[in-house]
Amino acid sequence: MRNTRLAPYLLIAPSLLFLAVLFLVPLVQTVALAFQADGPGGAAWSTANFARMAGDLNFADAIINTFEIVVIVVPLQLCLALGMAMMLRHVQRGRDIVLWIWSIPLGISDLAAGLVWLAILTDQGYLNTVLNWLGVVKGPQSWLSYETPIALLAAIVVAEAWRATAIVLVILVAGVQLVPKEYGEAADVFGATPWQRFTKIMLPLLKPSIQTALILRTVLAFEMFAIVLSLGGRNFPVLVSEAFTWQYANQNFGVAAAYAVVVMVISLAATLVYLLALRTPPEQR
Amino acid sequence: MTRPGLRGLSAALLGATLLLAPPRAHAEDMVFVSTQMRPIEEAQKVRDTILKDAPAPVAYVTEDPPALPVRVKAEMQGGKHTISLIGALHGELQPLATMGALMTLDDLAARLKERGIPDEVMKLGQFGTGHQMYIPWMQATYLMVANRQALPYLPAGADINALTYDQLQAWAAAIQEKTGKRMLGFPAGPKGLMHRFFEGFLYPSYTGGVVVPFRSDDAEKMWTAFAGLWKTVNPNSTSYNFMQEPLLAGDVWIGFDHVARVLDALRQKPDDFVAFPAPAGPKGRGYMPVLAGLAVAKGAPDANGAMALIDYLAKPETQITTARAVGFFPVVKATLPPDLDPGLKLAVAAIAATGGAKDALPSLLPIGLGQKGGEFDKVFMDTFQLVVLRGQKPRAVLDRQGQEMQRILTETGAPCWAPDPPSQGACQVK
Amino acid sequence: MTLRRGVFLSGIAVLCAWVLVPLYLIALGAVGGRDAVNSWPKSFWPAELSLSTITAFMNIAGVWTSTLYSVEAAVLCMLFSILLGVPAGYALARFAFRGAVAFRLVVLLTRAFPVAILALPLTVSFIRLGLYDTPLGVGLMHTALALPFAVLVSASLFQAIPREFEEAAWVFGCSGITAFLRVVLPLALPGIAATAIFAFVISWNEVFAATVLTVRHKTLTAYLLSVLSESPLHVQFAGGFVLIIPSVLFIFLVRRHLFAMWGIANR
Amino acid sequence: MAEIVIDAVRKAFGPVVALESVSLRVADGEFLALLGPSGCGKTTLLRIIAGLETQTSGRVLIGGQDVSALPPRKRGLAMVFQNYAVFPHMTVAENVGFGLRMSGADKAHIARQVAQVAALLQIEPYLQRYPGQLSGGQRQRVAVARALAIEPAVLLMDEPLSNLDALLRLEMRAELKGVLQAAGTTTVYVTHDQTEAMGLADRIAVLHAGRIVQIDRPTDIYRNPATRFVGSFVGSPPMNFLTLPVANGHVELGSLRLASPTNAATVVMGVRGEDLEITAPGTGFPFAVRVVEPMGSHTLLTGSVTGQMIRVVAPSDSRPAPGDVLHVRPLQGHVSWMDAATGAALETKNR
């Protein structure tokens, strides 16, 4: 192995170059675009885009809505996925099938997921049919209008939970598989209850997986867009849908970039928080 | 265990090599980009019926209005032209003409003279340059459609073809009172055309203009009145993109939309619905005629083919076929045959009633805003959202949004368009 | 069967239903046509099994071509992610080199950003480079999304293959490259194939970047996003259903590797 | 067939020195065991010979040719790995023929060779199976067969038996010795198991902390350890060491008075447990028994002498009780002396 010194660099060079071109360059461009505005005599540095963004009537709503979704959906998905992962450990027959069914939503786009739940939640949808049959409502009822913000939020939360719990589940199940059964058995021998086994043994050992899942889910939740558009339309602006509207409908790339910067800063901050809060000390690894 | 993986990968690689050479079988077809008749079912009708007898094979491609100038510009800069023919609204073609992206069509216009396109309509296609930049293609407008079940609730003495906004409100209120449901609907969803209602109907009807009186006292009164009307509007309206769906589903009984977006309801159940002009306000019956034109891109790969297609599309037979298929009406002299399907007949009658109303006040689509068209529309939608949906005081909102509108007009330098009085330089909000 | 076991099993069943019932309902919406969509109250059984809406949907011009563009972009994304990601993963797994930690960090950092947002400024560069509105451009953008996974997952795949296999190959007459091709690659192939399929799914489902970066050559998701909102509900449901089918199949194909992949990607 | 010469090979991983200037000569056809505790550098040395690791300085010669700069595939050697490294995606036959295929041998030759080594190692029934279907012992045979199939001049083995259970290890050891003796291959065998090294090797090189501390025939290593470390590492039970004061060139232990080879203040006396015989009181030194372990062939006694712990191998019929005080004495000529400070063996007159 004469050329070991150079080999790894040659191997990572293509991907590094790629990420530089398609990640770092647009990242810098986004920031630059966000902080530039057409002034007299071409583009000049300014915070005008941010001022327009902050002054827009949907901005506050978009921030609040985005955070509401993240704050509700992410913990909900984590609990749901933890429960499912724990249940899976006790499934003997048909584990493969159950696992497959539970991970199906992993492959479903948020656009499709939005449409799925739209079919259920429209005025003449299946939910109202069931509620009507139960006598809860009389006739079609609207859940997704601006007059029913709570129901709309709930609908989006449910759709998000339906679609994206699978990814948390997969990460957690993978993490659970790395935890030797003996640890739980040892705790069992020493008299731990099932709940104690879960909180004292499983949860701490799953910390790295939980961290990954939280980071990924949170970043993706900030990216949420098509599901909100299909269910809420303009009734439920979120940060990325606003970025999309500014770019696509309003054709104002600067304000769109400003939104993008906001989303990125929030995502990065959330990631850092998770990294610090869920740190595993090196001596415990 | 490695076998299936191997086979899978080699299959994928094989597939990839096949796909990397995408089919270019239709590459030679002339490309016709249109911002009209975009919904997939309509576009399908364009391909299957209207273009069926075209002189040469055509690739009909739809485009969101904001994306059209981006794409044309990209092709101009890249020097790689794919688009030959462009079909778009008057206001969407104007920035392209300004950009220098359109061929002049003076000869073609002269040749098509005998088709009987009214002179004032033909002249719109010159954008005041003295050269024909596009050939008028087809026209449409917006109208109202009501379920016959709603008719008994019509206020006493109201003529459905000469409705006022006050009567509309009374009508919807009566329905709400009797049925407990809000059965009036507007297409205020993300892809709906609600902004056109404000720009072409509500503002002219109440203020006689669009931009100049944007923040006038008349406008303030108008918004207050509209907020009152909205109390009778189905709350799902902010999700409606097309009114034909909620009309057919019975979610709403009375709806306003572009003719092409309600036509399906009329066609499917012509006996259930009536169509009629939009209401009138104190300053008249504002309405927005929609004129679509056909233009040939400069550097078009097949300019002659494009012109031949314009010729074909401007034939009376084709224009009638177009009207039958998608509900856009002829610009050339053509008599619609008596065997039109009943739904289309309803629409034709309503459109005729709109244009022919004594108090008709035509209001053009915004002109000269280029890429800022989206932001211009946003001003109206934001005002709507703030005043009507969030219940803010109209005065403060109008003052703020008025500044925003002025900024857009100043940046683009767009002069006023009808019904606002013509202006020197950028249109000014009073 | 004890009561506990019964509760447990019904819990499993409820969660399975939670995933499957919505899928069934959109399938109903997709086959029912306009009348079924507007009917009230809804029937939970298809009145008549007609595939007319779906076939009509698939016959709409643009659907097939955009499906083709989707597949094209997804295959490109898959190829790029693998071709770029596998060597980098191999380097991370087998060499201790200065900058390895930094490289890993850069790769991880891309996960801390909503990468799709970066499509916004890319429109400008892509127009200049002639990549705007091409499946290649979309494929490249999607590679930026999938590459971090490809790098980290292949690194862990290679880590799981004992170094001795490679050393044995060297001793018995292989060069570095032949040892990789004959011994390491065949062993990592199932995992790499799963990673590739995952990259495919990422690209297939991505809407935001695909919409922003294309005009005419829209991928299926982007096409549906732009036309569906202007289409009647039954067509929307048919579109959603069509989008879902391949994803479900792909997840079935990779289900065995999904967990191994993610478990190791944790690190 | 080839001779291996290791010339002042040194290996450092950053600041950590794994091997300090090791020199070694393995004769053509010789079986050399590299013996030492884990972390002593024996595997590193083997990997340097194989070319899997690059030495920091020094040279490796195989058959007189300097191979220091050659990649493994050009060194003409074969290797058996600790975890066998039998390729899981190839059948046993493909594994065994792998080296020959790589060298471009023709099919008939490969088939002949595979059949031959398969017969030698009794793996013919499994030739078409995949390694996943084999037991550990069978995989080990495949690994050896793969190495022998290319008829290497040099065979390197890295703890090939350590993953087998005790019984299988004993069986494979005998078999390996037979096969390798017949092949006459120059073999370097790394192990931390001293019985394996003793049983298999012509010579043993004992490594400790990156140095070769002794290289000798097995019996010499056992009898005359060069350092206190060798004595304690080779042999079971390990050699007993008693640190004793020196007075007038002698040490006194109970009623024994032995000549010390040094005049330093203290000296270490090394004596193996089986070289201590139980005698009548007054003739040896007192040994306070603490633990008695009957082993069948003998009884192992653990106890103390002048407060230092030693082990005595007593005949199997000897059954003292814990707490008894016995008297023992070393057999004539079976005492080693080590320097108390360095642990190095001291020359004795009565050798």
Side-chain angles (χ1 to χ4, degrees), chain A residues 4 7-8 11-12 14-15 18-19 22-23 26-27 29-30 33 84 87 91 98 100-109 111-112 115-116 119-120 124 126 129 132 140 162 170-171 173-175 177-178 208-209 212 216 219 222-223 225-226 243-244 247 253 256-257 260 263-264 267-268 271, chain C residues 8 11-12 15-16 19-20 22-23 25-26 29 38-42 84-85 87-88 90-91 95 97 103 106 110-118 120-122 140-141 143-144 147 151 201 205 207-208 212 221 224-225 236-237 239-240 243-244 247-248 250-252 255 258-259 262-263 266:
Chain A
T4 43
L11 289 172
I12 63 164
S15 47
F18 182 90
L19 285 177
L22 272 124
F23 178 68
L27 192 70
Q29 279 179 335
T30 308
L33 204 58
M84 288 160 98
M87 283 169 95
V91 177
V98 172
W100 175 54
I101 290 175
W102 287 359
S103 48
I104 282 176
L106 193 64
I108 294 177
S109 66
L111 176 63
L115 292 171
V116 165
I120 296 170
Q124 282 122 349
Y126 295 96
T129 301
N132 187 50
W162 179 77
V170 167
I171 295 173
V173 168
Q177 282 170 348
L178 293 178
S209 305
T212 309
L216 205 68
V219 171
F222 280 124
E223 238 178 303
F225 155 68
F244 181 79
Q247 170 99 0
F253 296 178
V263 175
M264 287 194 286
S267 299
L268 197 61
T271 304
Chain C
F8 173 73
I12 299 271
L15 285 167
C16 287
V19 171
L20 292 178
L23 289 177
L25 293 179
I26 193 159
N38 287 337
S39 72
W40 170 265
K42 283 274 182 301
L84 297 171
Y90 185 74
F95 297 96
F97 57 99
F103 177 67
V106 168
T110 56
R111 288 208 313 207
F113 281 103
V115 182
I117 289 276
L118 298 179
L120 300 183
L122 277 181
L140 283 173
M141 181 70 227
T143 307
L147 186 60
V151 171
V201 171
N205 282 340
V207 203
F208 188 91
V212 171
T221 32
L224 292 183
L225 184 74
Q236 294 193 29
F237 295 157
L243 264 185
I244 286 173
S247 314
V248 172
F250 277 137
I251 294 301
F252 183 74
R255 69 196 184 287
L258 230 43
F259 297 89
W262 283 95
N266 280 350

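Naming convention: chains lettered A, B, ... in sequence-line order (proteins, then strands); numbering from 1 in each chain.
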Given heavy-atom pairs under 4.5 angstrom as the criterion, report whether the side chain, backbone, both or neither of [X] touches chain C.
| X | result |
| --- | --- |
| A:Q247 | side chain |
| A:I120 | side chain |
| A:S267 | both |
| A:Y126 | both |

Interface residue of largest heavy-atom contact number with chain A, from [options], under 4.5 Å:
| options | answer |
| --- | --- |
| C:L122, C:L23, C:I12, C:V248 | C:I12 |
| C:S247, C:G240, C:P87 | C:P87 |
| C:V106, C:L243, C:V151 | C:L243 |
| C:G29, C:G11, C:C16 | C:C16 |
| C:L118, C:L20, C:I26 | C:L118 |
| C:L140, C:V201, C:V212 | C:L140 |

Relative to chain C, which of [options] shows the most heavy atom pairs under 4.5 Å?
| options | answer |
| --- | --- |
| A:V98, A:V219, A:V263 | A:V219 |
| A:Q124, A:Q29, A:M84 | A:Q124 |
| A:N132, A:I108, A:T271, A:L27 | A:I108 |
| A:A256, A:A226, A:A260, A:P26 | A:P26 |
| A:A112, A:P14, A:P105, A:S15 | A:S15 |

Could you measure the distance from the [atom1] atom of [X] to the [atom2] atom of [Y]? Nearest 0.5 Å is fine.
| X | Y | atom1 | atom2 | value |
| --- | --- | --- | --- | --- |
| A:S109 | C:N205 | OG | CG | 4.5 Å |
| C:Y90 | A:I12 | OH | CD1 | 15.0 Å |
| A:I104 | C:I244 | CD1 | CD1 | 10.0 Å |

Is there side-chain contact between [X] and [Y], with heavy atoms separated by less than 4.5 Å?
| X | Y | result |
| --- | --- | --- |
| C:L225 | A:F244 | yes |
| C:L147 | A:F23 | no |
| C:L224 | A:L115 | no |
| A:W100 | C:V19 | no |
| A:L19 | C:T110 | yes |

Atom of C:A91, atom of A:L11 and distance for their closest heavy-atom approach
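Here C:A91 and A:L11 meet closest at CB-CB, 3.7 Å.
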Checking C:F237 against chain A: side chain, backbone, both or neither under 4.5 Å from a heavy atom?
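Side chain only.
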Check each atom of C:F103 against the heavy atoms of chain A and say whether the ones under 4.5 Å are side chain, backbone, both or neither.
side chain
Residues which pass side-chain hydrogen bond (donor to acceptor under 3.5 Å, both in side chains) with A:E223, listed by chain and number, not counting sequence neighbours
none
Can you sort out the partners of A:F222 under ring pair (Phe, Tyr, Trp, His ring centres under 6.0 Å), two or more places apart, ordered by chain and number?
A:F67
